Structures are given as structure tokens and as C-alpha cells.
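Take a look at the structure below.
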Protein chains: 2
Amino acid sequence: MLDRTSPVSIKIVAERAGVSTATVSNVLNGKTSVSPVFAERVRRAVDDLGYVTDSSASRLRSGRHSLAGVVVPNLTNPMFSAFVSTLECVARQDGFDLLVVSCDNEAEQEAERLRSIRSWRPAGLIVIPCDGALSARLPKGGHPRIVVADRIPDDAGFDLVAVENALAAGAMASHLAAQGYRTCLVAGSTLEISNVRERWDGVAAVAPESVHMVECGLDPAGIHRRLRDRLRQGPRPDALFTLDHVTTLIAYQLLAELEISIPDDMGFASFDDTEWMRLVTPPVTAVRQPVEDMAHAAWAQLMRRMAGGDGAPEHLRLSCAIEIRGSTLRPKREPKNAAA
Amino acid sequence: MLDRTSPVSIKIVAERAGVSTATVSNVLNGKTSVSPVFAERVRRAVDDLGYVTDSSASRLRSGRHSLAGVVVPNLTNPMFSAFVSTLECVARQDGFDLLVVSCDNEAEQEAERLRSIRSWRPAGLIVIPCDGALSARLPKGGHPRIVVADRIPDDAGFDLVAVENALAAGAMASHLAAQGYRTCLVAGSTLEISNVRERWDGVAAVAPESVHMVECGLDPAGIHRRLRDRLRQGPRPDALFTLDHVTTLIAYQLLAELEISIPDDMGFASFDDTEWMRLVTPPVTAVRQPVEDMAHAAWAQLMRRMAGGDGAPEHLRLSCAIEIRGSTLRPKREPKNAAA
DNA sequence: TTGAAAGCGCTAACAT
DNA sequence: ATGTTAGCGCTTTCAA
């Protein structure tokens with residue numbers, strides 16, 4: 001696109017103020033001291049003309065950036081949009097603008113998007129990678145500063161901020177067991193995604209025999225079909241534990257379709273807590289991830305690196321809370337009284 | 001932030017390929033014809049070094065931008081995040097990256113964010129303004145190309161893409177009336193926001209006497225309090241129609257708190273359709289806004305302007321669908337049989 | 001304290 | 001077909 005209405009440059013400001021461009025720059029950046037008279041003249045001119053420094057040109061010359069990039073699998077997932085939202089807020093406080101990019105959960109798109117984002121020479125990147133093979137999508141020699149969040153890449157060489165998936169999933173499994181659910185079906189998109197893998201491992205570690213996993217994929221129609229088939233065939237599990245937001249959403253609707261009532265016919269729990277889970281009846285028991293904390297921590301780590309922090313990669317794991325709600329409060333099997 | 005690991009420049013590529021920088025540029029931009037041998041050598045060097053053109057420097061010299069900005073009141077609102085998500089997707093298809101900024105629904109923040117986004121000299125801006133006074137927050141002389149979406153600014157001089165608020169709200173009012181709801185309370189954040197104003201006008205035009213409006217503000221605690229007070233005092237309305245997502249969410253929870261059951265005690269309808277409204281029991285009747293279409297249209301309009309389109313401001317209004325669900329299906333007042 | 005001039009990475013004229 | 005050079009808007013020496 002051609003720029004037709006060329007905005008005011010520092011040169012115009014300098015002319016109007018009757019000083020050199022260097023002086024304007026000095027006033028705006030407060031590096032060298034400038035006489036009050038000149039400073040005032042410059043500020044006037046800046047105000048009158050509505051001048052704003054061209055950040056690209058500034059970076060080009062000074063090497064100082066004020067742009068960061070964030071790459072997420074998807075922006076419609078409330079978990080990711082909350083992440084970006086928080087990030088945008090804290091980045092701004094540190095004087096950074098944010099280039100936001102999503103990749104539709106596709107590795108190829110991610111690679112292309114990473115490339116295009118690199119063309120802006122951002123000071124750093126925060127990435128929620130769509131799969132483990134992130135490093136393959138970066139230039140071999142010296143990529144930009146990156147902090148990885150949420151999903152764990154195969155390459156341990158990145159700074160990382162994620163949650164205690166296994167711990168939280170295990171705790172949920174224990175809760176289900178304590179409620180008397182003996183058989184539990186665990187459903188998630190795919191074990192290729194580290195989160196899902198870790199969560200499944202966490203469940204399996206706690207309850208090694210009475211649980212089964214079904215991988216439903218990423219595509220809504222496929223999830224629905226696979227899960228439905230699984231629930232129809234074979235013995236019905238006591239409880240269903242879904243490991244990611246999309247699967248949860250579809251599973252919840254599916255149970256209604258199949259007229260399986262919660263929690264009487266089946267217990268229902270989710271990894272990832274969203275608004276609607278508190279609104280439905282009964283409300284849904286869920287693992288609540290500290291998304292905002294994750295964004296804060298990721299940004300803080302990136303800032304540390306940008307400030308020159310040079311140590312080994314840091315791996316941070318945040319712990320999750322479990323919100324126990326009606327969907328896993330099992331009615332007692334042997335009704336002695338109505339007291340249950 | 002200082003850039004320490006300086007990425008490869010076109011100069012390095014040129015050296016490696018044994019050609020001039022101009023030739024590298026020509027190969028990459030395909031302007032002038034380059035001999036196959038040289039072209040191949042250049043491409044090799046580019047691949048080996050993982051070179052990506054510096055977009056800022058390129059723009060600086062050529063005047064061609066590939067950056068656009070989007071300003072929204074908030075990213076956690078699913079309506080806005082869907083808007084940004086769609087925008088990001090279509091912009092990418094046209095080769096643009098997106099600078100995303102939210103302003104927390106505050107005019108002051110919006111002004112500051114507009115300023116900082118301008119420093120990147122984007123090819124254009126898409127803005128969902130937080131109130132009507134958008135023009136006051138732009139530089140007097142010649143602001144960047146802007147397309148306004150969703151909320152209507154006081155100044156009619158902008159390109160605009162929004163929805164038929166009054167029409168849709170009126171249709172919902174008719175639906176409520178047809179269902180036999182005689183008195184209706186309408187709740188929204190504030191009439192300062194054009195959407196809320198237009199929606200209320202739409203309702204009032206259809207049902208001039210049996211409806212009342214309550215402005216609840218933008219702050220969750222305040223919304224809860226005002227709405228609760230309003231529902232407790234005076235006669236209880238037959239139906240509640242909420243005009244924006246936040247109000248809807250709080251109102252829905254409030255009804256549960258007050259043990260007002262839907263739709264028996266009160267009908268409930270929302271402007272703005274979100275996922276959970278289909279999941280709760282009964283599902284919530286809602287006006288569904290074509291958010292994705294809005295994003296598409298806004299981007300298309302911006303592209304037209306960027307391509308040099310010069311006519312008068314265009315105002316586009318998209319129509320909404322009404323999703324009638326259980327929350328407004330009133331049980332008949334005079335039960336003849338159980339058939340109702 | 002101020003300004004002149006160089007140069008960041010790139011592309012568009014222009015020269016060869 | 002290729003290279004040389006100038007200059008986009010800015011900041012940073014460095015000289016005055």
C-alpha cells in the first residue's frame with residue numbers, strides 16, 4: 001500500500017520550531033540538555049503539528065525496539081484471548097506495542113507467521129506453539145528472543161511458562177475417585193499436544209486401571225463423532241473428564257443430546273474453567289488455570305531477557321486450582337435415607 | 001530495549017551471494033528482471049542465512065506499508081475477540097500484519113493508544129471506539145485512514161460498519177410482546193454508548209409504554225447492584241431484555257440468585273449471542289450479531305481506502321438474526337390443559 | 001547548548 | 001542485467 005498522506009516528520013517540526021532536527025530529537029528523548037526556550041519552542045511545534053516519532057525509523061537508527069510479538073494458536077478460544085489481553089496490558093505498561101498473530105492451530109501457518117513477524121524485528125516474542133516442533137520453524141542461526149508459554153516444545157532450550165498439568169489432572173482424578181466414580185473416560189484433542197499428554201499422564205498416574213483415554217482431534221465435527229461413538233459403544237463410564245476447552249464444549253452438548261444427565265448418569269469435569277461452567281445447571285467442576293499469571297510471568301521473563309539476562313533457559317510451572325461444582329457431586333449409590 | 005543479536009541484513013546476503021544489494025532487493029521483490037543464475041545464488045544465500053526483509057526499513061524507503069492497526073475497547077469480551085480474530089485472518093490474506101490494542105473502555109487510554117499506534121505509521125486503522133468522541137482523540141490535521149466499527153461516533157465523517165441495532169432490538173421487543181410479555185425491563189451499560197442507545201430506541205419505538213430502561217454502568221459490581229435494586233423495588237416486569245454482553249452475564253446470574261426462574265417467572269432475552277446461551281437451561285433467546293461479517297466488511301472498506309478510494313464516508317449497516325430459544329417461550333397464563 | 005553530517009536497512013533512480 | 005548512489009526519518013557522534 002502506498003502512503004499518500006505523508007505524516008509530519010521531525011524535519012517539519014524542526015523547521016517550524018526554528019531549530020535543527022537533532023535538537024528536536026534531544027527534546028523528545030531528553031538525552032542531552034536543551035535550553036528551556038528551545039525546548040518550549042519544540043514542544044509547541046510538536047503539539048501544533050500533532051507529531052509522533054516514527055518508531056520504525058527510530059529503531060532503525062538507535063537499535064532500541066518498542067515492539068514485541070505474540071503468536072497463539074487461535075484467538076477465539078477464551079483462554080488464549082485472555083492470555084493476549086493480559087499480555088497486551090502489561091506490555092503497554094512497559095512501553096511496548098504488540099503484534100498479535102494466530103496460526104489456526106496449524107504448524108505450517110505458524111511457520112509462516114513467525115517469519116512475517118520476524119520481519120518487524122521485534123524485541124522479543126511470546127509464543128504458544130501449536131505443537132512440539134517449534135524449533136523447526138525458527139531460523140537455524142540465532143532466532144529472536146522467545147518465551148514459550150502454555151504448551152511445552154520438544155526442545156527444552158526455550159524459556160518456558162506453563163502450568164502443572166499432571167498435578168492438577170491427577171488431583172481431579174483423585175477427586176473423582178473420592179466421589180465414588182470408578183470408571184472414567186478421559187477425552188482430549190490429541191496427545192501430540194503436550195498439555196493434553198501431561199494431563200492424561202497425570203490422570204493415569206493416579207488411577208492406573210479404571211480410566212481410558214480417547215483422542216478426539218481438533219476439528220469440532222470429528223470430536224463430536226468420535227466421542228459419541230465412544231460413549232455409545234461399550235460400557236458407559238461413571239465420569240467424563242475433558243482435557244481442553246473445545247472438547248469440553250462439545251462433550252457437554254453431546255451429553256445433553258444423548259440424554260445423559262449430569263451428575264446422576266455421569267460425572268463431568270473439565271480442564272480449563274470458563275464462564276459458562278458457572279452458569280449451567282449443575283455448574284461444571286473444572287481445573288482453573290492461572291492464565292493471567294502465565295501472561296505476566298511470560299512477559300516478565302521476556303523483559304529479563306531483553307534487559308540482557310543471559311542464563312540457562314528457565315522453566316516455570318504454575319499451579320492450578322480445582323473448582324469443585326455440582327457436576328461431580330455424585331448422588332450416593334446406596335440411598336439409606338433421603339439425607340444423601 | 002537494545003538489539004544485541006543484530007539479524008542479517010540485505011548487505012550480508014549480497015556479500016554471500018556475491019552480488020549487489022540492489023540485485024538482492026530485485027530478486028526478493030521481483031521488480032526488475034534478474035538473470036536466473038544470480039537469482040538462484042541470491043535465493044540460496046537468503047535460505048542459508050534465514051534472511052527476512054526488514055519491513056520497517058522497507059516501508060521507510062518505499063512508502064509501502066504492510067501493517068494495520070486495530071483498536072478495541074477490550075479483548076476479553078468474546079464479541080471483540082472474535083472481531084479481532086477474523087480481522088487478523090483476513091488482513092493476513094492481504095499481506096498485512098496487525099497491531100492490536102485495547103483501551104479498557106476508557107477514552108483516555110484510547111487516546112494514548114491511538115497516539116502510540118500512529119507511531120508505527122500503519123497503512124490504516126480499524127477502531128471500535130469506546131465512546132462517541134473519537135474525533136477528539138485524533139490529530140486535527142489529517143489523521144490516518146480509519147474505518148470505525150460496531151459503535152457509532154458522533155462525527156459522521158468516518159467510514160462505518162455497524163449492525164442494525166434499532167431494527168433488531170425492535171424485532172426482539174415484538175417477539176416478547178407476541179409471547180404475551182406485557183411489561184419489560186431493558187438493561188444496558190449506558191446510553192452514552194451508541195449501540196445501547198440505538199437498541200433502547202428500537203425497543204421504545206415498538207413498545208412505547210410498557211417498557212423501562214435501566215442504565216447499569218460498565219463496572220460489574222455496579223451493574224449487579226443497580227439491577228438488583230431495580231428488580232427488588234417496584235412491580236416485577238414480565239421480561240428482562242439485556243442490551244450488552246456484560247450486563248447479560250450479570251443479569252443471568254442475578255436472576256438465579258433472586259430465585260427468579262426463566263421463563264416461568266420472567267422472560268429473558270439478550271442482545272449479543274454467546275456460546276453459553278445455548279448451553280444453559282433453558283437456552284437464552286438472543287440477537288445474533290454478524291461479528292465476522294462486520295470484520296470482513298470493515299477490512300474490505302479499509303482496503304478500498306488504502307487502494308486510493310476517495311469518495312464520501314460510507315456507512316454500512318448489517319442486519320442481525322434473532323435466535324428464539326426457551327428463555328422467552330412463555331408458558332400460557334390460562335392453563336386449559338397440561339398441553340401448554 | 002546547538003547543528004552538521006553520517007548512517008541504520010532498504011529500494012528507486014540512474015548509470016553502466 | 002547489474003551496480004552505484006541517494007535518501008526515507010531518525011539518532012548519534014562530533015565539531016563549533
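Computed from a predicted structure; not experimentally measured.
Closest to the side chain of A:S9, from the set C:dA12, D:dC10, C:dG3, is D:dC10. The side chain of B:A22 approaches D:dT4 more closely than any other nucleotide in the set C:dT2, C:dG9, D:dT4. Taking only side-chain atoms of A:R64, from C-beta outward, the nucleotide of D:dT11, C:dT11, D:dA1 with the closest atom is D:dT11. Residue B:R61 has its side chain nearest to C:dA12 when only D:dT2, D:dC10, C:dA12 are considered. Here C:dT2 is the nucleotide among C:dT2, C:dG9, D:dA1 with the atom lying nearest to any side-chain atom of A:F38. Looking at the side chain of B:S58, the nearest of the listed nucleotides C:dT11, D:dT12, D:dT2 is C:dT11.
Looking at A:Q109 and A:D104, their side chains never bring a donor and an acceptor atom within 3.5 Å of each other.
Nucleotide C:dG7 holds its P atom 9 Å from the NZ atom of B:K11, rounded to whole Å. Distance, A:I12 CD1 to D:dG9 P: 8 Å, rounded to whole Å. Here D:dG7 presents its P atom at 19 Å from CG of A:D54, a figure rounded to the nearest Å. Remark: C1' of D:dC10 and NE2 of A:H65 are 14 Å apart, rounded to the nearest angstrom. In this structure, the CZ atom of B:R118 is 15 Å from the C1' atom of D:dG9, given to the nearest Å. Taking atom CD of B:E15 as the reference point, atom C1' of D:dG3 lies 15 Å away to the nearest angstrom. Straight-line distance from the CG atom of A:N29 to the C1' atom of D:dT12: 11 Å, rounded to whole Å. Atom-to-atom, CZ of A:R41 to C1' of C:dG3 comes out at 14 Å; the value is rounded to the nearest Å.
The backbone N or O of A:C130 lies less than 3.5 Å from a partner atom in the side chain of A:R151, making a donor-acceptor pair. Side chain of B:Q301 to main chain of B:E314: no donor-acceptor pair is present (N/O by atom type, distance under 3.5 Å, no hydrogens or angles).
In this structure, B:S25 reaches the C:dT11 phosphate: one of its side-chain N or O atoms is under 4.0 Å from OP1 or OP2. For D:dA1, the OP1/OP2 oxygens have a side-chain nitrogen or oxygen of B:S33 closer than 4.0 Å. Contact between the side-chain N/O atoms of B:T23 and the OP1/OP2 oxygens of D:dT2 is not found at any separation under 4.0 Å. An OP1 or OP2 oxygen of C:dG3 is reached within less than 4.0 angstrom by a side-chain nitrogen or oxygen of A:S20.
Within the nucleic acid shown, B:T32 comes within 4.0 Å of at least one base atom, counting heavy atoms only.
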List the steps and the verdict of salt bridge (charged side-chain N to carboxylate O under 4.0 Å, His left out) for A:R61 and A:D54. CA-CA 11 Å; A:R61 178 63 237 252; A:D54 184 321; over 6 Å; no
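Atom CD of B:E192 sits in a sparse spot, with 12 or fewer heavy atoms from other residues, nucleotides or ligands closer than 6.0 Å. Atom CD of A:E108 has 12 or fewer neighbouring heavy atoms from other residues, nucleotides or ligands inside a 6.0 Å radius.
Residue whose closest nucleotide on DNA chain D sits further toward the 5' end, between B:A39 and B:R59: B:A39. Judged by closest nucleotide on DNA chain C, B:L60 is the one of B:N26 and B:L60 placed further toward the 5' end.
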